[in-house]
**Student:** 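Before we start, here is the structure in question, set down as structure tokens.
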Amino acid sequence: MGILRDIGSFTRGIKAIGEMSRKSGGYINDNNFTPLHFSLRSKELTDLSFLWGKDSDAYLIELFHTVGEVFTPIDIIAKAVADGKPVVKRISSDAVVYSNQELNKLLESPNPLQSWPELVYQMTCFELVTGKSYLYGLTPDNFSFNYRNIATIQNLLVDSVMIDTGASVKLLTATSINDLIKNFLVSDGANGQVKIAPEKVLYTKINSLMSSDLNIHGRSPMIAEKKAVEVIAAIYVALGAIYTKGGPRGMWVSAQSDAGGAITWSPIEKEKAVADIIRRYGFGEGQFPFGVTDQNIRYEKAGADIQDLQPKEIYKMLCGAIFALYNVPRELMPDADGSTYENQKQARKSVYENVAIPRAKSFYQSLSTWLKLEESGLYIDVDYSHVALLQENLKEKSDVDFRNNQTYKLQFINGIITLNEWRVACGMEAVGGNQMYNKLILDMEPDEIAKLAEVAGIGKGSAPASDNNNQNNNGDDATNR
């Protein structure tokens with residue numbers, strides 16, 4: 001499976017590149033040309049799709065949609081990543097923020113066609129399939145780019161995006177993304193090709209070690225197992241041919257002989273034998289699972305039986321290689337040997353803990369930076385507490401939460417933390433505009449203490465534990481005296 005489809009394509013490509021070089025000022029040279037990626041401003045670049053061959057983004061996306069063994073592990077990971085719920089928090093306290101309407105709107109309905117989980121699923125698939133993804137935030141050109149000014153967020157279709165690096169790439173002196181990427185060139189239907197500024201695109205990629213990728217272009221992990229994908233496709237073709245009698249499994253030949261050896265059929269005898277076999281042999285209407293002919297023939301086996309080919313063993317080995325590539329356990333493979341409900345459950349849990357959750361946390365960290373949330377003292381975390389598979393013992397978790405809350409209550413009563421610090425420790429947002437929530441209990445006014453006693457049973461009767469003990473001891477001493 002080569003990068004270029006054939007020598008003819010290569011020749012046509014070189015000629016086209018030469019022509020484009022002349023039209024664009026002749027800045028294409030050996031230092032910035034690669035078969036996979038072009039940094040050209042000319043719109044004619046879209047006509048050179050044949051140069052990418054079977055390593056193209058379009059071809060890899062087609063494999064994802066047509067080869068189940070490629071689709072399955074990627075789908076498992078993408079669904080697990082999309083299961084995470086984004087949670088807006090304050091950088092200063094990690095308290096959850098519920099009232100940011102701009103962010104809530106984006107994280108609920110990022111664009112007219114997708115919900116947030118659908119957007120994250122598609123983005124994850126793009127990155128795992130092609131090695132890159134482009135999240136685009138639509139903002140007016142005369143507005144600064146931040147979450148308040150974003151109208152919609154959507155995934156750019158990877159196979160329609162090109163990276164314009166300009167005439168040359170200076171990797172060693174670049175200090176910002178704008179030094180490396182001038183624009184993202186994107187096909188926009190009837191509008192032709194449009195330019196999108198780098199700051200409006202959250203570009204994530206799987207890093208490539210190829211010098212030709214210039215640390216800018218991502219590379220699909222699937223390329224590492226493209227031979228396995230090819231052989232799986234060949235197995236399907238071979239099995240289909242065998243089961244439908246479409247392959248050369250054997251030959252009917254003349255069984256006639258004389259003293260001089262075998263006698264071949266005459267053309268008329270051959271046509272007669274073929275006609276007899278075709279007319280009566282088969283599984284269609286009026287046909288039989290055996291053939292009848294008056295010709296003297298015998299069958300010579302030409303191909304291997306399915307048992308000889310051992311396709312299942314080879315298939316499992318190749319399928320396992322693809323699943324291992326994406327760190328998905330073999331128990332989740334189609335028709336995995338020894339697979340049970342329990343080990344599949346543990347395998348899915350492993351996907352969440354070892355693959356999906358780290359990937360999701362990395363994505364939301366990048367998303368927070370891209371949306372410039374730190375300017376507002378915010379960041380986006382991801383929560384998987386609602387995923388039943390990850391909650392081994394919900395009662396145990398509830399007991400832990402209760403004990404923690406009792407500890408915070410005791411710390412408050414003893415004047416160690418404030419009400420707001422108690423709330424934040426429980427994962428809630430601090431209350432603003434009420435100084436009572438920022439006071440230690442020993443600094444509160446009597447009316448505030450009375451309010452605590454009325455609402456939560458905390459007040460004069462809930463003195464610090466050490467004081468209660470001292471009072472009890474004093475009372476005992478007085479009685480003894």
**Student:** What are the two closest non-hydrogen atoms of Glu118 and Ser115, and how far apart are they?
**Tutor:**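 Nearest heavy atoms, Glu118 then Ser115: OE1-N, 2.8 Å.
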**Student:** Counting only heavy atoms not in Tyr364, do more than 12 sit closer than 6.0 Å to its OH atom?
**Tutor:**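 Atom OH in Tyr364 is crowded, with more than 12 foreign heavy atoms closer than 6.0 Å.
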**Student:** When rounded to the nearest 0.5 angstrom, what distance separates CD in Gln435 from CE in Met444?
**Tutor:** 11.0 Å
**Student:** Could you go step by step and tell me if Lys195 and Asp164 meet the salt bridge (Lys or Arg N to Asp or Glu O under 4.0 Å) rule?
**Tutor:** CA-CA 9 Å; Lys195 294 181 179 180; Asp164 176 14; 5.4 Å; no
**Student:** Centre of Tyr203's six-membered ring, under 6.0 Å away, within 45 degrees of the axis: is that where NZ or CZ of Lys205 sits?
**Tutor:** yes
**Student:** Cys319 and Ile232: which non-hydrogen atoms are nearest, and at how many Å?
**Tutor:** N-CD1, 4.1 Å
**Student:** What I'd like to find out is whether the side chain of Ile153 reaches to under 4.5 Å of the side chain of Leu106, using heavy atoms alone.
**Tutor:**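 Side-chain contact under 4.5 Å: yes.
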**Student:** side-chain contact (heavy atoms from CB on, under 4.5 Å) between Lys132 and Ile163: does it pass, once the steps are laid out?
**Tutor:** CA-CA 12 Å; Lys132 61 189 81 71; Ile163 299 177; over 6 Å; no
**Student:** Going by heavy atoms in the side chains, are Leu156 and Ile196 under 4.5 Å from each other?
**Tutor:** yes
**Student:** Is there a donor-acceptor pair under 3.5 Å between the side chain of Ser160 and the backbone N or O of Leu157?
**Tutor:**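 Here the side-chain-to-backbone pair exists.
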**Student:** Can you name the residues that form a ring-ring contact (aromatic ring centres under 6.0 Å, His included) with Phe71, not counting sequence neighbours?
**Tutor:** Phe64
**Student:** Working to the nearest 0.5 Å, report the span between CG of Leu138 and CG of Asn111.
**Tutor:**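 Reported to 0.5 Å precision, the distance equals 10.5 Å.
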**Student:** Can you list the steps and then say if Tyr379 with Asp94 is a side chain to side chain donor-acceptor pair (under 3.5 Å)?
**Tutor:** CA-CA 9 Å; Tyr379 74 98; Asp94 287 332; 2.7 Å; yes
**Student:** I'd like to know if the side chain of Ser350 reaches the main chain of Gln346, judged simply by a donor and an acceptor atom lying under 3.5 Å from each other, with no hydrogens or angles considered.
**Tutor:**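 No, Ser350 side chain to Gln346 backbone: no donor-acceptor pair under 3.5 Å.
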**Student:** Spell out, as yes or no, whether a donor-acceptor pair under 3.5 Å connects the side chain of Thr165 to the backbone of Leu180.
**Tutor:** no
**Student:** Side chains of Asn420 and Thr418: do they bring a donor and an acceptor to under 3.5 Å?
**Tutor:**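 No, because no side-chain N or O of Asn420 sits under 3.5 Å from a partner of the opposite role on Thr418.
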**Student:** So do Tyr136 and Val161 actually touch side chain to side chain, heavy atoms under 4.5 Å?
**Tutor:** no
**Student:** Is there a side-chain contact between Tyr326 and Val355 in this structure, where contact means two heavy atoms from C-beta onward sitting under 4.5 Å apart?
**Tutor:** no
**Student:** Do Asn343 and Glu331 pair up side chain to side chain, a donor and an acceptor below 3.5 Å, judged on atom types alone?
**Tutor:**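 Absent: no donor and acceptor within the cut-off.
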**Student:** Could you tell me whether the side chain of Ser109 and the main chain of Lys105 form a donor-acceptor pair under 3.5 Å?
**Tutor:**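 No: the side chain of Ser109 does not pair with the backbone of Lys105.
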**Student:** Is the count of non-hydrogen atoms from other residues, nucleotides or ligands lying under 6.0 Å from Gln406 atom CD greater than 12?
**Tutor:**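 More than 12 heavy atoms, drawn from other residues, nucleotides or ligands, come within 6.0 Å of this atom.
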**Student:** Under the 3.5 angstrom rule, does the side chain of His217 hit a backbone N or O of Ser212 as a donor-acceptor pair?
**Tutor:** no
**Student:** Between Leu202 and Phe363, is there a side-chain heavy-atom distance shorter than 4.5 Å?
**Tutor:**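 Yes - at least one pair of side-chain heavy atoms lies under 4.5 Å apart.
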**Student:** Quick one: does any side-chain atom of Asn155 pair with a main-chain N or O of Leu119 as donor and acceptor, under 3.5 Å?
**Tutor:**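 Yes, because the side chain of Asn155 sits within donor-acceptor range (under 3.5 Å) of the backbone of Leu119.
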**Student:** Would you call Asp75-Lys79 a salt bridge at under 4.0 Å N-O?
**Tutor:** yes
**Student:** Output yes when a side-chain donor or acceptor of Asn149 lies under 3.5 Å from a complementary backbone atom of Phe145, and no otherwise.
**Tutor:**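 Looks like no, no N/O pair under 3.5 Å.
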**Student:** On a heavy-atom basis, which atom in Leu389 and which in Lys345 lie closest, and how many Å separate them?
**Tutor:** CD1-CG, 3.4 Å
**Student:** Are Leu378 and Tyr147 packed together at the side-chain level, in the sense that at least one heavy-atom pair is separated by less than 4.5 angstrom?
**Tutor:**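 Yes, their side chains come closer than 4.5 Å.
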**Student:** Apply side-chain contact (heavy atoms from CB on, under 4.5 Å) to Thr124 and Glu127, showing your working.
**Tutor:** CA-CA 5 Å; Thr124 306; Glu127 187 171 345; 6.0 Å; no
**Student:** Kindly check if the number of other-residue, nucleotide or ligand heavy atoms within 6.0 Å of CG (Leu171) is above 12?
**Tutor:**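 Check passes, neighbour count above 12.
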**Student:** Considering non-hydrogen atoms only, spot the tightest contact between Ala356 and Ile77 and give its length.
**Tutor:**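 Distance-wise, the nearest heavy atoms are CB-O, 4.3 Å.
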**Student:** List the atom of Thr130, the atom of Val158, and the distance in Å for their closest heavy-atom pair.
**Tutor:**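 Nearest heavy atoms, Thr130 then Val158: OG1-CG1, 3.5 Å.
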**Student:** Examine distances only and state if a side-chain atom of Tyr384 and a backbone atom of Tyr352 form a donor-acceptor pair shorter than 3.5 Å.
**Tutor:**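 No: the side chain of Tyr384 does not pair with the backbone of Tyr352.
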**Student:** Consider only side-chain N and O atoms of Tyr121 and Gln114, and report whether a donor and an acceptor are under 3.5 Å apart.
**Tutor:** no
**Student:** Check whether any side-chain heavy atom of Glu225 lies under 4.5 Å from a side-chain heavy atom of Val70, and answer yes or no.
**Tutor:**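 No; the side chains remain at least 4.5 Å from each other.
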**Student:** Before giving the answer on side-chain contact (heavy atoms from CB on, under 4.5 Å), spell out for Thr173 and Asp179 the whole-Å C-alpha distance, their side-chain angles and the decisive distance to 0.1 Å.
**Tutor:** CA-CA 8 Å; Thr173 58; Asp179 294 334; over 6 Å; no
**Student:** Looking at every non-hydrogen atom in both residues, tell me the closest pair between Ala197 and Phe184 and how far apart they are.
**Tutor:**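 Reported closest heavy-atom pair: O-CD1, 4.5 Å.
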**Student:** Taking Asn414 for the side chain and Ile416 for the main chain, is one N or O donor matched with an acceptor at less than 3.5 Å?
**Tutor:** no
**Student:** Give, for atom CG of Asn404 and atom CG of Asp399, the distance between the pair rounded to the nearest 0.5 Å.
**Tutor:** 11.0 Å
**Student:** Aromatic rings Phe412 and Trp422: how do their planes relate, parallel, tilted or perpendicular, breaks at 30° and 60°?
**Tutor:**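 Aromatic pair Phe412/Trp422 classed tilted.
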**Student:** Does atom CD (Gln365) have a neighbourhood of more than 12 heavy atoms from anything else shown, all under 6.0 Å?
**Tutor:**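 For Gln365, atom CD is not crowded (no more than 12 foreign heavy atoms under 6.0 Å).
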**Student:** Can you tell me how far apart CG (Leu367) and CD1 (Ile380) are? Round to the nearest 0.5 Å.
**Tutor:**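 Here the interatomic distance stands at 4.5 Å.
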**Student:** Find out whether Leu390 and Ile357 are in side-chain contact, i.e. whether some heavy atom of one side chain is under 4.5 Å from a heavy atom of the other.
**Tutor:**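 Contact flag for Leu390/Ile357 side chains = yes.
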**Student:** To the nearest 0.5 Å, what is the distance between CD1 (Ile61) and SG (Cys125)?
**Tutor:** 10.0 Å
**Student:** Under the ring pair (Phe, Tyr, Trp, His ring centres under 6.0 Å) rule, what pairs show up with a residue in residues 83-117, not counting sequence neighbours?
**Tutor:**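 For residues 83-117: none.
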**Student:** Would you say the side-chain atoms of Lys200 pair up with the backbone N or O of Thr139, donor to acceptor, closer than 3.5 Å?
**Tutor:**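 Answer holds: yes.
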**Student:** Between CG of Asn146 and CD of Glu375, what distance do you get to the nearest 0.5 Å?
**Tutor:** 6.5 Å
**Student:** Apply the test side-chain contact (heavy atoms from CB on, under 4.5 Å) to residues Met162 and Gln193: give CA-CA distance (whole Å), side-chain angles for both, the deciding distance (0.1 Å), then the verdict.
**Tutor:** CA-CA 10 Å; Met162 289 173 289; Gln193 195 175 66; 2.8 Å; yes
**Student:** Heavy-atom count check: over 12 atoms from other residues, nucleotides or ligands less than 6.0 Å from Asn142 CG?
**Tutor:** yes
**Student:** Taking atom CG of Asn215 as the centre, report whether more than 12 heavy atoms of other residues, nucleotides or ligands fall under 6.0 Å from it.
**Tutor:**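 For Asn215, atom CG is not crowded (no more than 12 foreign heavy atoms under 6.0 Å).
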